[in-house]
Amino acid sequence: MPSLESSASPELARRLRRRRRRDAAGALLYVLPALAIVLCFRFVPIIAAFAFSFFEIKMGALIGFVGLGHYARLLQDPTFWQSVGTTIWFSIGTVPIAIFASLFFALLLNRKLKALGLYRTIYFMPVVTGMVAVAVIWKWILEPELGVLNFLLGKLHLGQPGWLGESRGVFQLLVDPEGRWLPRWAGGPSLALVSLALVNTWKGLGYNIVIFLAGLQNIPQQQYEAARIDGAGSWQLFRHVTWPILSPTTFYVFIMSTIVSFQTFSLVYLMTSPPGGPEDSTKVLVYYLFDKGFTPPASLGRASAVALVLFLIILGLTLVQRRLAERRVHY
Amino acid sequence: MVMPFLWMVSTSLRSTLEITREPHRFLPEVLIGARDAAAGGAGGLPGVFANYIEAWQRAPFGRYFFNTIVIALACLAGVIVTSALAAYAFARLRFPGREALFLLFLSMMMVPEPVYLVPSFILIARLGWLDTYAALIVPWTVNVFSIFLLRQHFKTIPQDLFDAATIDGASRFAVLWRIMMPLSKAVLVTISLFTIIGTWNSFLWPLVMTHSPEMRPLQIGLAAFSQEEGAEYGLMMAATTLSVLPLLVLYFFAQRQIIASLASSGLKE
């Protein structure tokens, strides 16, 4: 069928074109408010972050092109590498525990429980609570002298560590508390960092449980019935039905938790004193960025370089997630 | 999971003396009634909530609450308006570059906040917005995720409905306002809840953009309070309870919707 324009008179075609242009202009008006804000406060700042990382900046003014200077200095800064290491330790400390704990609770909650709604509500409470409140509550619980956690540990005749004030590594504390033969670098993450990881896991648990529950509820019941007829026990059911079908969900939770854990800032800022302490053992990447950007002598250029590094890491993780989500991980 | 919250409330009802003397008693003396007798009168409700009253007097929590509510409502209004308009255009209107523009929007969702924080700070400073409501509101009147959610929903509304309305002579805006919006109540409620929770809890942005106590939102106020009064646990817990209570109440009423939409959308703080 010939299109309307070609069959109509030139006059009509012109009018149609004009009308379409006016329509398009009108449609753009609808996008305009959102577009203006996104351009000003997201797009331009992101491009600027990229540009700033090549300049020296003083008092908000560009004062000289330094090329890759910031990146070079970053790579030579031991504190930067330390913060990268701390961030990785933090992720290792949160992500696997978060996955297994939330999968465990999701499996428990997936039965037909009486007060299911109540459980979900309870698990989700920390998710909607702001980080500041979470930090204040946990600082009180982890307080070495008066805190309830050490009180309970004391009742059980266990050690009463300094939690957030402990800069020694956990491996060191477990194996060699006097630090006679285990070198400092082999101490692993500090107990302070591990404490933060636990609080972070507690806060995010409910969210991951809900994601897993959604995944579990999508598993067709026939699969279970078929496996049960074949004589599968409950462990085998989990191993051969639930786990493989759930693997895309698990992978999603894994990547998302990793991305979020790489962006940790508030927890460190709010719970440790001095922030990033003790002895810089909780200085994660975003804290390093904040430090470079906003505490004198501030170098916004260097902070931007850190931001770009962070961006590339997260972009990489997101792309991996996309790629594997397309390929479907299970079967 | 709730123990930390219960512990928070229980501590908030105890005096500093009581906390240091018997740190781990769970039930506060006021509830047992012992404190009334010992203190000779300071009983009743004011006695039970002594920490709350004192915390409220020590720091301008009224002001913090006011700021947070103003910011949350303003952001909410902005997000609803910008999302509705943009989602409508992306779902139903035709214009050149629509797909590319939508992709640009979506890609903004991926970029973590710390990345644009430094340049935003400079921009806000240049605009002269540091330490004003504008800095805390304007950049957050658009939420790309909300646009995405609403667009997906608009796409599911049958085309016939539009054709019928258009034939009846409804303008484009009338279609959006009188047909699409009423049909999207559930999504709009979800967006509102997320926006309120998000602004109520945001920390890094207001931390960087404000410095005077009068401009502090609740979270920053609480953080400052904890730096100043950190050792007075009863007070701290009272202030913390105050700061989380409104949101927990909101959550209890809307929990079904919040959990369901989080599960299906995969949104995370």
Side-chain angles (χ1 to χ4, degrees), chain A residues 23-24 26-28 30-31 33-35 37-38 41-46 48-49 52 60 120-126 128-133 136-138 140-141 146 148 151 205-207 210-211 213-214 252 256 260 263 265-266 270 286 289 293-294 300 303-304 307 310-311 314-315 318, chain B residues 1-2 4-5 7-8 11 19-20 23-24 81-82 85-86 88-89 93-96 101 105 108 110-112 114-116 118-120 122-123 125-126 139 141-142 144 147 172 197 200-201 203-204 208 219 222-223 226 233 236-237 240 243-244 247-248 251-252 255 259 262-264 266 268:
Chain A
D23 270 10
L28 265 172
Y30 282 73
V31 192
L35 185 64
I37 303 277
V38 165
F41 296 103
R42 293 289 178 281
F43 190 71
V44 169
I46 290 162
F52 285 178
R120 286 193 197 178
T121 307
I122 285 173
Y123 282 115
F124 218 71
M125 268 171 70
V128 290
T129 307
M131 203 49 111
V132 183
V136 173
I137 296 170
W138 276 94
W140 167 226
I141 290 173
L146 301 170
V148 68
F151 168 74
L205 199 62
Y207 173 79
V210 165
I211 301 284
L213 270 173
Y252 172 78
M256 288 315 286
V260 172
Q263 293 181 51
F265 167 79
S266 318
L270 293 161
V286 179
L289 186 162
F294 298 102
L300 292 176
S304 298
L310 181 76
F311 175 63
I314 286 167
L315 182 71
T318 315
Chain B
M1 289 306 277
V2 272
F5 289 104
W7 192 240
M8 162 186 86
T11 308
I19 290 166
T20 43
H24 308 293
V81 170
T82 58
L85 292 175
Y88 182 51
L93 306 179
R94 253 192 260 177
F95 55 93
L101 212 54
F105 271 61
M108 294 297 114
M110 259 173 41
V111 182
V115 171
Y116 50 76
V118 169
S120 300
I122 296 178
L123 177 65
R126 283 282 171 92
T141 50
V142 170
V144 176
I147 297 176
R172 241 187 337 212
I197 294 174
W200 194 278
N201 287 337
F203 179 70
L204 184 53
V208 167
Q219 300 293 318
L222 180 64
S226 103
Y233 291 104
M236 276 313 304
M237 292 304 127
T240 310
S243 86
V244 298
L247 213 52
L248 286 184
Y251 167 63
F252 279 116
Q255 52 109 350
I259 293 179
L262 270 169
S264 61
K268 196 160 180 174

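Naming: A, B, ... by sequence-line order, numbering from 1 per chain.
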J.: Using heavy-atom distances under 4.5 Å, tell me whether B:Val244 contacts chain A through its side chain, its backbone, both, or neither.
T.: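 Looking at B:Val244, just its side chain touches chain A.
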
J.: Heavy-atom distance under 4.5 Å to chain A: side chain of B:Gln219, backbone, both or neither?
T.: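 Answer is both: backbone and side chain atoms of B:Gln219 are under 4.5 Å from chain A.
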
J.: What part of B:Ala223 lies closer than 4.5 angstrom to a heavy atom of chain A: side chain, backbone, both or neither?
T.: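 Both parts, heavy atoms under 4.5 Å.
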
J.: Which bit of A:Leu35 is near chain B, if near means a heavy-atom gap under 4.5 Å: side chain, backbone, both or neither?
T.: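 It is both, since atoms from each part get that close.
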
J.: Which bit of B:Ser243 is near chain A, if near means a heavy-atom gap under 4.5 Å: side chain, backbone, both or neither?
T.: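 Looking at B:Ser243, just its side chain touches chain A.
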
J.: Is chain B contacted by the side chain of A:Phe311, its backbone, both, or neither, given a heavy-atom distance below 4.5 Å?
T.: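 Its backbone and side chain both get close to chain B.
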
J.: With a 4.5 angstrom heavy-atom cut-off, is it the side chain or the backbone of A:Leu289 that approaches chain B, or both, or neither?
T.: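 Just the side chain, heavy atoms under 4.5 Å.
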
J.: Looking at A:Ala34, A:Ala303, A:Gly206, which makes the most heavy-atom pairs under 4.5 Å with chain B?
T.: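 Looking at each option in turn, the highest pair count goes to A:Ala34.
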
J.: Select one option (side chain, backbone, both, neither) describing which atoms of A:Leu270 are under 4.5 Å from chain B's heavy atoms.
T.: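 The side chain, not the backbone.
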
J.: Checking heavy atoms, do the side chain of A:Phe151, its backbone, both or neither come under 4.5 Å from chain B?
T.: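 For A:Phe151, heavy atoms of backbone and side chain both lie under 4.5 Å from chain B.
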
J.: At a heavy-atom separation under 4.5 Å, does B:Leu248 approach chain A through its side chain, its backbone, both, or neither?
T.: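 The answer is the side chain of B:Leu248.
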
J.: So what's closer than 4.5 Å to chain A heavy atoms on B:Met8: side chain, backbone, both or neither?
T.: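 For B:Met8, the contact with chain A is made by the side chain alone.
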
J.: Which atoms of A:Val136 come close to chain B, meaning under 4.5 Å heavy atom to heavy atom: side chain ones, backbone ones, both, or neither?
T.: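 Answer is both: backbone and side chain atoms of A:Val136 are under 4.5 Å from chain B.
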
J.: Hey, are the side chains of A:Met131 and A:Phe265 touching, using non-hydrogen atoms and a 4.5 Å cut-off?
T.: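 Not in contact.
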
J.: Which of the residues A:Ile46, A:Val210, A:Val148, A:Leu213 is involved in the greatest number of heavy-atom pairs with chain B at under 4.5 angstrom?
T.: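 Top count of heavy-atom pairs under 4.5 Å with chain B: A:Val148.
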
J.: Are B:Val142 and A:Phe41 close enough, and set up right, to give a side chain to side chain contact (heavy atoms under 4.5 Å, CB included), and what steps lead you there?
T.: CA-CA 10 Å; B:Val142 170; A:Phe41 296 103; over 6 Å; no

J.: Heavy-atom distance under 4.5 Å to chain A: side chain of B:Val81, backbone, both or neither?
T.: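 No part of B:Val81 comes within 4.5 Å of chain A.
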
J.: Measure distances from A:Phe294 to the heavy atoms of chain B and classify the residue's part below 4.5 Å as side chain, backbone, both or neither.
T.: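 Looking at A:Phe294, just its side chain touches chain B.
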
J.: Between A:Thr318 and chain B, with a heavy-atom cut-off of 4.5 Å, which part of the residue counts as in contact: side chain, backbone, both or neither?
T.: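 It is the side chain, since no backbone atom gets that close.
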
J.: Of all of B:Val115, B:Thr82, B:Val2, which one pairs up most often with chain A through heavy atoms under 4.5 Å apart?
T.: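 Highest number of heavy-atom pairs under 4.5 Å: B:Val115.
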
